[in-house]
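Written below as C-alpha coordinates is the structure these notes are about.
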Amino acid sequence: MAQLPGDHAARDGRAGIDAALVRRLIAAQFPRWSGLPVTPVEVDGWDNRTYRLGDELTVRLPTAEGYAPAVAKENRWLPELAPRLPVPVPPVVARGVPGEGYPFDWSVRGWLDGEVASPERIGDLARFAVSVGEFLLALQRVDATDGPRAGAHSFYRGAPPAHYDEETRRALATLEGHLDTASAAAVWDAALDATWRGEPVWFHGDIARNNLLVRDGRLAAVIDFGTSGVGDPACDLVISWTMFADESREAFRRTVAQDEATWARARGWALWKALICLARDIGTDPAQAADHRRVIGEVLADHARSA
(Lines give C-alpha, C1' and ligand atoms only; values in the text may rest on other atoms or scores of the structure.)
Protein backbone atom coordinates (compact mmCIF):
# COMPACT_ATOMS: atom_id res chain seq x y z
CA MET A 1 0.00 0.00 0.00
CA ALA A 2 2.11 2.81 -1.31
CA GLN A 3 0.04 5.70 -0.02
CA LEU A 4 1.21 9.09 -1.19
CA PRO A 5 1.37 11.44 1.81
CA GLY A 6 -1.31 14.10 1.46
CA ASP A 7 -2.64 12.52 -1.74
CA HIS A 8 -6.19 13.84 -1.86
CA ALA A 9 -6.57 12.57 -5.41
CA ALA A 10 -6.23 9.04 -4.11
CA ARG A 11 -8.99 9.67 -1.58
CA ASP A 12 -11.29 10.98 -4.33
CA GLY A 13 -10.43 8.04 -6.59
CA ARG A 14 -11.35 5.53 -3.92
CA ALA A 15 -14.70 7.23 -3.40
CA GLY A 16 -15.60 6.79 -7.08
CA ILE A 17 -14.88 3.06 -7.29
CA ASP A 18 -17.50 0.52 -6.28
CA ALA A 19 -18.85 -2.90 -7.20
CA ALA A 20 -21.33 -1.41 -9.66
CA LEU A 21 -18.47 0.17 -11.64
CA VAL A 22 -16.62 -3.15 -11.69
CA ARG A 23 -19.71 -4.94 -13.01
CA ARG A 24 -20.08 -2.36 -15.80
CA LEU A 25 -16.42 -2.63 -16.78
CA ILE A 26 -16.54 -6.41 -16.84
CA ALA A 27 -19.76 -6.45 -18.89
CA ALA A 28 -18.32 -4.00 -21.43
CA GLN A 29 -14.81 -5.45 -21.79
CA PHE A 30 -14.95 -9.08 -20.63
CA PRO A 31 -18.55 -10.22 -21.15
CA ARG A 32 -17.59 -13.87 -20.62
CA TRP A 33 -17.29 -13.03 -16.91
CA SER A 34 -20.33 -10.77 -16.67
CA GLY A 35 -22.37 -13.38 -14.81
CA LEU A 36 -19.87 -13.73 -11.97
CA PRO A 37 -20.59 -12.06 -8.62
CA VAL A 38 -18.50 -9.00 -7.66
CA THR A 39 -17.71 -8.51 -3.97
CA PRO A 40 -15.15 -6.32 -2.11
CA VAL A 41 -12.21 -8.11 -0.53
CA GLU A 42 -12.12 -8.20 3.26
CA VAL A 43 -8.83 -6.27 3.57
CA ASP A 44 -8.29 -3.68 0.83
CA GLY A 45 -5.24 -1.66 -0.14
CA TRP A 46 -4.72 2.07 -0.60
CA ASP A 47 -3.37 2.33 -4.13
CA ASN A 48 -5.95 -0.08 -5.58
CA ARG A 49 -9.51 -1.09 -4.84
CA THR A 50 -9.79 -4.86 -5.15
CA TYR A 51 -12.89 -7.00 -5.73
CA ARG A 52 -13.50 -10.74 -5.94
CA LEU A 53 -14.83 -11.78 -9.34
CA GLY A 54 -16.43 -15.15 -8.80
CA ASP A 55 -14.31 -17.68 -6.92
CA GLU A 56 -11.14 -17.64 -8.99
CA LEU A 57 -10.49 -14.04 -10.08
CA THR A 58 -9.91 -10.55 -8.67
CA VAL A 59 -10.30 -7.11 -10.22
CA ARG A 60 -7.91 -4.33 -9.18
CA LEU A 61 -8.50 -0.68 -10.02
CA PRO A 62 -5.88 2.01 -9.30
CA THR A 63 -7.25 4.81 -7.13
CA ALA A 64 -5.20 7.66 -8.64
CA GLU A 65 -3.09 8.45 -11.68
CA GLY A 66 0.19 7.89 -9.85
CA TYR A 67 -0.73 4.25 -9.19
CA ALA A 68 -1.91 3.43 -12.71
CA PRO A 69 1.54 2.60 -14.23
CA ALA A 70 1.73 -0.42 -11.94
CA VAL A 71 -0.85 -2.23 -14.09
CA ALA A 72 1.41 -2.45 -17.14
CA LYS A 73 4.46 -3.14 -14.98
CA GLU A 74 2.86 -6.05 -13.16
CA ASN A 75 1.43 -7.45 -16.40
CA ARG A 76 4.89 -7.38 -17.96
CA TRP A 77 6.94 -8.72 -15.06
CA LEU A 78 4.83 -10.95 -12.81
CA PRO A 79 4.89 -13.81 -15.35
CA GLU A 80 8.70 -13.49 -15.45
CA LEU A 81 9.08 -13.43 -11.68
CA ALA A 82 6.51 -16.09 -10.72
CA PRO A 83 8.39 -19.27 -11.72
CA ARG A 84 11.53 -18.11 -9.93
CA LEU A 85 9.92 -17.45 -6.55
CA PRO A 86 9.26 -19.91 -3.71
CA VAL A 87 5.60 -18.95 -3.15
CA PRO A 88 2.88 -17.83 -5.58
CA VAL A 89 2.45 -14.24 -6.73
CA PRO A 90 -0.67 -12.85 -8.43
CA PRO A 91 -1.36 -14.63 -11.74
CA VAL A 92 -1.92 -12.22 -14.64
CA VAL A 93 -5.23 -12.93 -16.39
CA ALA A 94 -6.28 -9.79 -18.30
CA ARG A 95 -5.79 -6.06 -18.61
CA GLY A 96 -8.69 -3.66 -18.76
CA VAL A 97 -8.69 -0.18 -20.28
CA PRO A 98 -10.43 3.08 -19.32
CA GLY A 99 -14.19 3.03 -19.66
CA GLU A 100 -17.56 3.54 -17.96
CA GLY A 101 -16.28 6.81 -16.52
CA TYR A 102 -13.17 5.17 -15.02
CA PRO A 103 -9.99 6.84 -16.37
CA PHE A 104 -7.18 4.28 -15.86
CA ASP A 105 -6.05 0.86 -17.02
CA TRP A 106 -7.02 -1.89 -14.57
CA SER A 107 -6.28 -5.56 -14.11
CA VAL A 108 -7.83 -8.98 -13.65
CA ARG A 109 -5.73 -11.39 -11.58
CA GLY A 110 -6.10 -14.92 -10.38
CA TRP A 111 -7.31 -15.33 -6.78
CA LEU A 112 -4.73 -16.58 -4.26
CA ASP A 113 -5.99 -18.37 -1.17
CA GLY A 114 -4.77 -17.13 2.18
CA GLU A 115 -5.31 -14.54 4.88
CA VAL A 116 -3.25 -11.44 5.60
CA ALA A 117 -0.29 -12.16 7.87
CA SER A 118 -1.46 -11.03 11.29
CA PRO A 119 0.66 -12.53 14.11
CA GLU A 120 -2.21 -14.59 15.53
CA ARG A 121 -2.46 -16.46 12.22
CA ILE A 122 1.22 -17.43 12.20
CA GLY A 123 2.28 -20.58 13.99
CA ASP A 124 5.98 -19.74 14.36
CA LEU A 125 6.90 -16.10 13.72
CA ALA A 126 10.66 -16.79 13.51
CA ARG A 127 10.09 -19.49 10.89
CA PHE A 128 7.76 -17.13 9.05
CA ALA A 129 10.49 -14.44 9.13
CA VAL A 130 12.90 -16.91 7.54
CA SER A 131 10.35 -17.64 4.79
CA VAL A 132 9.94 -13.93 4.06
CA GLY A 133 13.72 -13.53 3.95
CA GLU A 134 14.06 -16.50 1.60
CA PHE A 135 11.43 -14.99 -0.68
CA LEU A 136 13.39 -11.73 -0.83
CA LEU A 137 16.63 -13.53 -1.61
CA ALA A 138 14.94 -15.48 -4.41
CA LEU A 139 13.53 -12.23 -5.78
CA GLN A 140 16.98 -10.65 -5.70
CA ARG A 141 18.42 -13.58 -7.66
CA VAL A 142 16.10 -12.98 -10.63
CA ASP A 143 17.94 -11.41 -13.57
CA ALA A 144 17.49 -7.66 -13.18
CA THR A 145 19.11 -6.62 -16.47
CA ASP A 146 16.01 -5.27 -18.20
CA GLY A 147 13.86 -4.67 -15.12
CA PRO A 148 12.23 -1.30 -14.35
CA ARG A 149 14.76 0.90 -12.58
CA ALA A 150 13.61 2.49 -9.35
CA GLY A 151 11.92 5.85 -9.77
CA ALA A 152 8.51 7.49 -9.79
CA HIS A 153 6.72 4.22 -10.68
CA SER A 154 8.05 2.65 -7.44
CA PHE A 155 7.56 5.85 -5.42
CA TYR A 156 11.36 5.86 -5.21
CA ARG A 157 11.56 2.58 -3.31
CA GLY A 158 14.83 1.07 -4.47
CA ALA A 159 16.34 4.54 -4.95
CA PRO A 160 18.34 6.51 -2.36
CA PRO A 161 16.15 7.61 0.59
CA ALA A 162 17.38 11.17 -0.06
CA HIS A 163 14.34 11.64 -2.31
CA TYR A 164 12.30 11.99 0.91
CA ASP A 165 14.75 14.16 2.80
CA GLU A 166 12.65 17.34 2.73
CA GLU A 167 9.53 15.45 3.79
CA THR A 168 11.41 13.75 6.63
CA ARG A 169 12.89 17.02 7.90
CA ARG A 170 9.45 18.59 7.85
CA ALA A 171 8.01 15.71 9.90
CA LEU A 172 10.88 16.02 12.40
CA ALA A 173 10.13 19.72 12.82
CA THR A 174 6.43 18.97 13.35
CA LEU A 175 7.23 16.33 15.97
CA GLU A 176 9.70 18.44 17.98
CA GLY A 177 8.80 17.99 21.64
CA HIS A 178 6.84 14.77 20.97
CA LEU A 179 9.81 12.41 20.56
CA ASP A 180 13.61 12.36 20.53
CA THR A 181 13.98 14.17 17.23
CA ALA A 182 17.76 14.56 17.64
CA SER A 183 18.22 10.78 17.72
CA ALA A 184 15.76 10.35 14.87
CA ALA A 185 17.68 12.89 12.79
CA ALA A 186 20.89 10.95 13.48
CA VAL A 187 19.28 7.76 12.14
CA TRP A 188 18.10 9.61 9.06
CA ASP A 189 21.53 11.17 8.46
CA ALA A 190 23.14 7.73 8.76
CA ALA A 191 20.73 6.41 6.13
CA LEU A 192 21.63 9.23 3.74
CA ASP A 193 25.34 8.58 4.26
CA ALA A 194 25.09 4.82 3.63
CA THR A 195 25.34 4.91 -0.15
CA TRP A 196 24.18 1.85 -2.12
CA ARG A 197 27.16 0.52 -4.07
CA GLY A 198 25.90 -2.87 -5.18
CA GLU A 199 24.48 -4.06 -8.47
CA PRO A 200 20.75 -3.33 -8.85
CA VAL A 201 18.50 -6.22 -7.84
CA TRP A 202 14.76 -6.85 -7.84
CA PHE A 203 12.84 -5.51 -4.86
CA HIS A 204 9.15 -5.77 -3.96
CA GLY A 205 8.87 -2.30 -2.39
CA ASP A 206 6.06 -2.96 0.09
CA ILE A 207 6.82 -6.07 2.12
CA ALA A 208 4.17 -5.66 4.82
CA ARG A 209 1.70 -7.92 6.56
CA ASN A 210 -1.22 -6.99 4.25
CA ASN A 211 0.82 -8.08 1.23
CA LEU A 212 1.87 -11.40 2.76
CA LEU A 213 -0.73 -14.17 2.76
CA VAL A 214 -0.63 -17.09 5.18
CA ARG A 215 -2.28 -20.46 5.16
CA ASP A 216 -1.98 -23.02 7.94
CA GLY A 217 0.28 -20.58 9.77
CA ARG A 218 2.87 -20.34 6.97
CA LEU A 219 3.72 -17.93 4.16
CA ALA A 220 1.46 -18.88 1.24
CA ALA A 221 1.76 -16.00 -1.26
CA VAL A 222 3.08 -12.47 -1.78
CA ILE A 223 0.84 -9.92 -3.48
CA ASP A 224 0.84 -6.29 -4.70
CA PHE A 225 3.97 -5.68 -6.76
CA GLY A 226 2.88 -2.14 -7.64
CA THR A 227 5.99 -0.57 -6.09
CA SER A 228 8.39 -3.25 -7.33
CA GLY A 229 11.41 -2.56 -9.47
CA VAL A 230 15.15 -2.91 -9.77
CA GLY A 231 17.58 -1.10 -7.45
CA ASP A 232 18.57 -1.07 -3.78
CA PRO A 233 16.87 -3.83 -1.71
CA ALA A 234 17.01 -1.86 1.57
CA CYS A 235 13.35 -0.83 1.32
CA ASP A 236 12.31 -4.49 1.63
CA LEU A 237 13.82 -4.78 5.13
CA VAL A 238 11.37 -2.38 6.81
CA ILE A 239 9.27 -5.32 8.04
CA SER A 240 12.11 -6.04 10.46
CA TRP A 241 10.66 -3.27 12.71
CA THR A 242 7.03 -3.08 11.62
CA MET A 243 6.21 -6.77 12.18
CA PHE A 244 9.19 -8.66 13.58
CA ALA A 245 10.87 -8.36 16.98
CA ASP A 246 13.41 -10.23 19.12
CA GLU A 247 13.82 -13.81 17.81
CA SER A 248 11.89 -13.28 14.58
CA ARG A 249 13.83 -10.10 13.79
CA GLU A 250 17.13 -11.88 14.31
CA ALA A 251 15.97 -14.80 12.17
CA PHE A 252 15.03 -12.39 9.38
CA ARG A 253 18.33 -10.53 9.69
CA ARG A 254 20.36 -13.74 9.50
CA THR A 255 18.40 -14.94 6.47
CA VAL A 256 18.66 -11.83 4.32
CA ALA A 257 22.36 -11.43 5.23
CA GLN A 258 22.66 -7.76 4.26
CA ASP A 259 25.58 -5.50 5.16
CA GLU A 260 25.37 -2.78 7.80
CA ALA A 261 25.08 0.01 5.23
CA THR A 262 21.98 -1.64 3.80
CA TRP A 263 20.52 -1.92 7.30
CA ALA A 264 21.25 1.77 7.85
CA ARG A 265 19.27 2.67 4.74
CA ALA A 266 16.51 0.29 5.79
CA ARG A 267 16.24 2.06 9.14
CA GLY A 268 15.92 5.29 7.18
CA TRP A 269 13.04 3.91 5.11
CA ALA A 270 11.23 2.66 8.22
CA LEU A 271 11.83 5.95 10.03
CA TRP A 272 10.64 8.11 7.12
CA LYS A 273 7.30 6.33 6.89
CA ALA A 274 6.73 6.21 10.66
CA LEU A 275 7.60 9.90 11.07
CA ILE A 276 5.31 11.20 8.35
CA CYS A 277 2.48 8.98 9.56
CA LEU A 278 2.98 10.03 13.18
CA ALA A 279 2.98 13.69 12.17
CA ARG A 280 -0.35 13.06 10.44
CA ASP A 281 -1.97 10.92 13.17
CA ILE A 282 -0.61 12.33 16.43
CA GLY A 283 -3.60 14.54 17.12
CA THR A 284 -6.34 12.49 15.51
CA ASP A 285 -5.71 8.74 15.83
CA PRO A 286 -4.12 7.69 19.14
CA ALA A 287 -3.97 3.97 18.28
CA GLN A 288 -2.19 4.54 14.98
CA ALA A 289 0.08 7.14 16.55
CA ALA A 290 1.08 4.65 19.24
CA ASP A 291 2.08 2.11 16.60
CA HIS A 292 4.14 4.68 14.71
CA ARG A 293 5.87 5.58 17.98
CA ARG A 294 6.62 1.92 18.60
CA VAL A 295 8.27 1.57 15.17
CA ILE A 296 10.30 4.75 15.70
CA GLY A 297 11.45 3.51 19.11
CA GLU A 298 12.49 0.14 17.66
CA VAL A 299 14.42 1.82 14.85
CA LEU A 300 16.21 4.23 17.19
CA ALA A 301 17.15 1.39 19.54
CA ASP A 302 18.46 -0.69 16.66
CA HIS A 303 20.55 2.22 15.42
CA ALA A 304 22.01 2.73 18.90
CA ARG A 305 23.00 -0.95 19.09
CA SER A 306 24.72 -0.75 15.70
CA ALA A 307 26.78 2.34 16.59
Side-chain angles (χ1 to χ4, degrees), residues 1-3 5 125 129 132-133 136-137 140 150 154-176 178-198 200-201 203-209 211-212 227 229 231-281 288-307:
M1 295 179 286
Q3 178 182 350
L125 192 56
V132 174
L136 293 176
L137 292 179
Q140 291 169 22
S154 67
F155 297 94
Y156 297 92
R157 269 70 163 181
H163 178 81
Y164 290 110
D165 185 51
E166 181 179 348
E167 190 172 68
T168 303
R169 305 287 181 190
R170 190 162 58 244
L172 286 168
T174 299
L175 294 169
E176 186 70 40
H178 295 283
L179 54 82
D180 184 354
T181 51
S183 293
V187 173
W188 181 246
D189 288 339
L192 298 183
D193 290 341
T195 304
W196 167 247
R197 303 188 187 280
V201 296
F203 60 86
H204 177 278
D206 195 10
I207 292 292
R209 65 183 65 189
N211 292 331
L212 305 174
T227 53
D232 175 7
C235 58
D236 279 345
L237 305 183
V238 168
I239 195 172
S240 182
W241 303 282
T242 57
M243 184 173 182
F244 301 144
D246 302 326
E247 183 184 357
S248 58
R249 183 179 297 158
E250 287 307 310
F252 180 70
R253 185 185 290 266
R254 287 194 303 270
T255 302
V256 296
Q258 298 292 340
D259 62 24
E260 183 49 44
T262 301
W263 282 107
R265 294 190 304 281
R267 286 190 288 268
W269 279 109
L271 183 69
W272 157 71
K273 188 63 176 289
L275 286 173
I276 63 171
C277 290
L278 179 59
R280 179 196 65 200
D281 294 337
Q288 287 291 335
D291 192 53
H292 304 322
R293 285 183 181 276
R294 178 192 62 78
V295 173
I296 293 168
E298 297 276 2
V299 169
L300 267 57
D302 195 60
H303 172 77
R305 285 191 296 270
S306 71

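- Between atom CD of residue Glu298 and atom CZ of residue Arg267 there is a gap of 12.5 Å, rounded to the nearest 0.5 Å.
- When side chains are defined from C-beta on, Glu260 counts as touching Ser306, because their heavy atoms get closer than 4.5 Å.
- By the 6.0 Å contact criterion, CD on Glu166 is open, its count of non-hydrogen atoms from other residues, nucleotides or ligands being 12 or less.
- Trp241 places none of its side-chain heavy atoms less than 4.5 Å from the side chain of Trp269.
- Taking CG from Leu275 and CZ from Arg169, the interatomic distance works out to 10.5 Å, rounded to the nearest 0.5 Å.
- Taking CE of Met243 as the start and CG of Leu212 as the end, the distance is 6.5 Å to the nearest 0.5 Å.
- At a threshold of 4.5 Å between non-hydrogen side-chain atoms, the residues Tyr164 and Lys273 do not count as touching.
- Looking at Trp188 and Asp165, their side chains do bring a donor and an acceptor atom within 3.5 Å of each other.
- Here the side chains of His303 and Leu271 are not in contact, with every heavy-atom distance at 4.5 Å or above.
- Side-chain contact between Leu300 and Val187 is present, with at least one heavy-atom pair separated by less than 4.5 Å.
- Considering NE2 of His292 and CG of Asp281, their distance stands at 4.0 Å, rounded to 0.5 Å.
- For Arg305, the side-chain contact (heavy atoms from CB on, under 4.5 Å) partners at least two apart in sequence or on another chain are Arg249, Ala301, Asp302.
- Side-chain contact between Gln258 and Arg265 is absent, with no heavy-atom pair separated by less than 4.5 Å.
- At a threshold of 4.5 Å between non-hydrogen side-chain atoms, the residues Tyr156 and Cys235 do not count as touching.
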